[in-house]
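Below is one structure, written out as structure tokens, with a few remarks after it.
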Amino acid sequence: MLPDVMASRLNAVMSSEVTIPVVEAVSANEAPVSTIATIGQHEGQRVTLRGWLYNLRSSGKLLFPTFRDGSGTIQGIVPKAAVPEIVFETLKGLTLESSVVVTGKVRADSRAPSGYELDVEDVTVTQRVDDANPFPIQLKEAGVEFLMEHRHLWVRTPRQSAILRVRATIMRAAAEYFDTNGYTRTDPPILTPNACEGTSELFEMDYFDDEKAYLTQSGQLYIEATALALGKVYSFGPTFRAEKSKTRRHLTEFWMIEPEVAYMDLEGLMEMAEGFLRHIVTKVLETHRGADLKLIGKDEAKLEAIIAEGAFPKLTYDEAHAMLKDAYAAGKIEKPHEYGDDFGSPDETYISSQYDKPVMVHRYPAAVKAFYMQPDPKDPAKALCVDVLAPEGYGEIIGGSQRVDSYDLLKKRIEAHGLPLAAFQWYLDLRKYGSVPHSGFGMGIERCVAWLCGLEHVRETIPFARTLNRIYP
RNA sequence: UCCUGAGUAGCUCAAUGGCAGAGCAUUCGGCUGUUAACCGAAGGGUUGUAGGUUCGAGUCCUACCUCAGGAGCCA
């Protein structure tokens with residue numbers, strides 16, 4: 001680089017001009033562009049990093065800027081005596097989260113958390129954050145409300161970025177399991193003419209003229225149709241619930257992956273659900289062990305335990321009820337579980353806490369479950385359904401069932417639940433033309449991410465959470 | 001919708017009914033191996049809102065607002 005160019009850059013820094021455009025691309029004699037995650041491949045070589053200033057420590061004539069580039073963080077070292085004055089002056093006092101392009105030599109260093117440091121040789125500021133308006137998210141602790149209000153900036157922090165990477169892996173692994181096992185992805189509509197199950201509160205909107213439309217709360221009914229067309233199908237997309245739930249497990253907008261399989265019974269469904277979850281956990285460990293999982297603070301042994309030898313535990317509703325009865329008698333839960341009722345949140349937490357693998361609870365009383373669930377032929381008061389409860393109190397991550405395949409029974413059920421028959425005519429048609437036993441489940445992605453990452457709240461598992469009290473940013 | 005709790009500096013939090021404080025951040029200065037670096041100095045406040053009790057209210061009372069956690073409901 002020419003001396004007069006350097007001089008003008010130095011002048012710009014000295015006169016506190018805030019923006020130094022970096023339109024000048026990394027020139028031919030510069031080092032190859034690397035990412036921090038893969039920087040070990042360039043040990044001893046010069047590389048260029050394009051990212052942001054994450055932190056800056058200083059010891060007089062020695063600067064320690066930490067850079068991040070989305071793949072990780074690395075500390076640079078800038079001794080005043082060893083670099084051009086422009087480089088030192090540019091970095092000295094540079095504001096956090098200013099965007100920078102840095103060139104330096106990669107050096108292994110046992111003192112560095114990642115094992116590598118960068119001996120900075122050159123730096124260009126793409127945009128300098130204004131001194132008077134520093135980056136709002138500090139390295140120190142912050143409150144939930146403040147962080148959520150600044151979610152667009154919070155996602156830059158290493159832990160949040162790591163969570164989003166694990167989320168991406170989970171979504172990829174989930175789809176991959178079905179893609180490689182003969183399933184066809186058939187996504188149902190987001191806008192629906194009526195409530196799928198007639199229970200949940202739905203987001204309502206005008207749909208031209210006098211019609212109303214609702215945001216889907218599940219694609220299940222639609223993929224039952226595509227399952228009878230294509231055999232094995234799944235859907236993967238956002239779903240919406242207008243319930244005023246205020247807990248660490250609820251979002252008003254969340255992502256659900258739902259398989260549906262013709263000729264599959266409940267036993268087959270449970271087997272499939274286990275294979276599906278094992279695949280996801282395996283991929284998460286494969287991709288993030290020792291890195292993102294460590295950064296997030298998840299105990300990896302707990303993930304190892306899930307995929308360890310031995311089937312997932314299975315309990316009937318009756319067995320689970322008996323377990324809760326004992327637990328209440330022993331003073332381990334506060335409220336007794338009434339036989340016939342659905343399990344409450346504390347009940348599920350207790351049941352799942354007994355195992356280090358997800359537990360499958362099946363054959364609930366039909367009365368507390370959805371209208372489309374097939375009765376157990378051995379006990380028609382029970383439904384052929386299964387809830388998969390995640391360990392460590394993360395609650396129900398999967399809910400599924402074998403579906404009613406008889407036209408007459410389904411029609412009766414719809415009427416008994418007070419649902420408008422006309423709206424379900426197409427759904428009834430599926431039982432009129434070549435009906436078969438079929439089963440499927442839905443898994444909430446965010447609960448799965450919270451569980452596998454060991455998070456307190458699902459709001460951190462999605463880039464921009466939609467909750468009862470928040471629709472900004 | 002119900003129950004519980006919290007709102008004080010940009011952020012995180014202190015403050016027996018008696019002068020509005022600290023750490024971080026910001027600005028200025030110092031430091032050649034720092035790891036949320038550290039040391040010194042400066043600036044920074046309508047204590048969520050409205051009323052009330054009191055000589056005196058951040059603190060006590062009432063209402064409201066906002067947020068959080070939980071219940072219900074669910075993935």
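Here the structure is a predicted model, which is why all the values come from computation and not from measurement.
Residues from residues 458-473 of chain A lying near RNA chain B, meaning a heavy-atom separation below 4.0 Å, are A:Arg459, A:Asn469 in numerical order. Looking at residues 69-77 of chain A, you'll see A:Gln75, A:Ile77 sit with a heavy atom under 4.0 Å from some atom of RNA chain B. Residues from residues 111-119 of chain A with heavy atoms under 4.0 angstrom of RNA chain B, sorted by number: A:Arg111, A:Glu117. Scanning residues 271-283 of chain A for heavy-atom distances under 4.0 Å to RNA chain B yields an empty list.
Sorted by first and then second residue, the salt bridge (charged side-chain N to carboxylate O under 4.0 Å, His left out) pairs with a member in residues 323-336 of chain A form an empty list; sequence neighbours excluded. Applying the ring pair (Phe, Tyr, Trp, His ring centres under 6.0 Å) test to residues at least two apart or on different chains, none of the pairs has a partner in residues 98-121 of chain A. Judged as a salt bridge (charged side-chain N to carboxylate O under 4.0 Å, His left out), the pairs with a partner in residues 444-457 of chain A (not counting sequence neighbours) are, in order, A:Arg167-A:Glu446, A:Arg248-A:Glu456.
With sequence neighbours excluded, the residues that form a side chain to side chain contact (heavy atoms under 4.5 Å, CB included) with A:Ser401 are A:Tyr372, A:Met373, A:Cys385, A:Arg403. Among residues two or more places apart in sequence or in another chain, the side chain to side chain contact (heavy atoms under 4.5 Å, CB included) test is passed with A:Ala142 by A:Phe146, A:Leu147. With sequence neighbours left out, the side chain to side chain contact (heavy atoms under 4.5 Å, CB included) criterion links A:Thr282 to A:Glu286, A:Ile307.
The side chain of A:His457 contributes an N or O atom lying less than 4.0 Å from OP1 or OP2 of B:G69. Remark: A:Ser345 is in phosphate contact with B:A71, judged by side-chain N or O atoms under 4.0 Å from OP1 or OP2.
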Exercise for review: For each nucleotide in nucleotides 3-14 of chain B, reading 5' to 3', give B when a protein heavy atom comes within less than 4.0 Å of its base, S when such contact involves only the sugar-phosphate, and - otherwise.
Suggested key: -------BSS--

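Residue A:Ala81 is classed as a base contact, given a heavy-atom separation below 4.0 Å to a base.
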Point to revise | Secondary-structure string, 5' to 3', Watson-Crick or G-U under 3.5 Å, | for another-strand partners, for RNA chain B | key: (((((((..((((....[..)))).(((((.......))))).....(((((..]....))))))))))))....

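Out of B:G33, B:A75, B:U34, the shortest distance to the side chain of A:Leu62 is found at B:G33.
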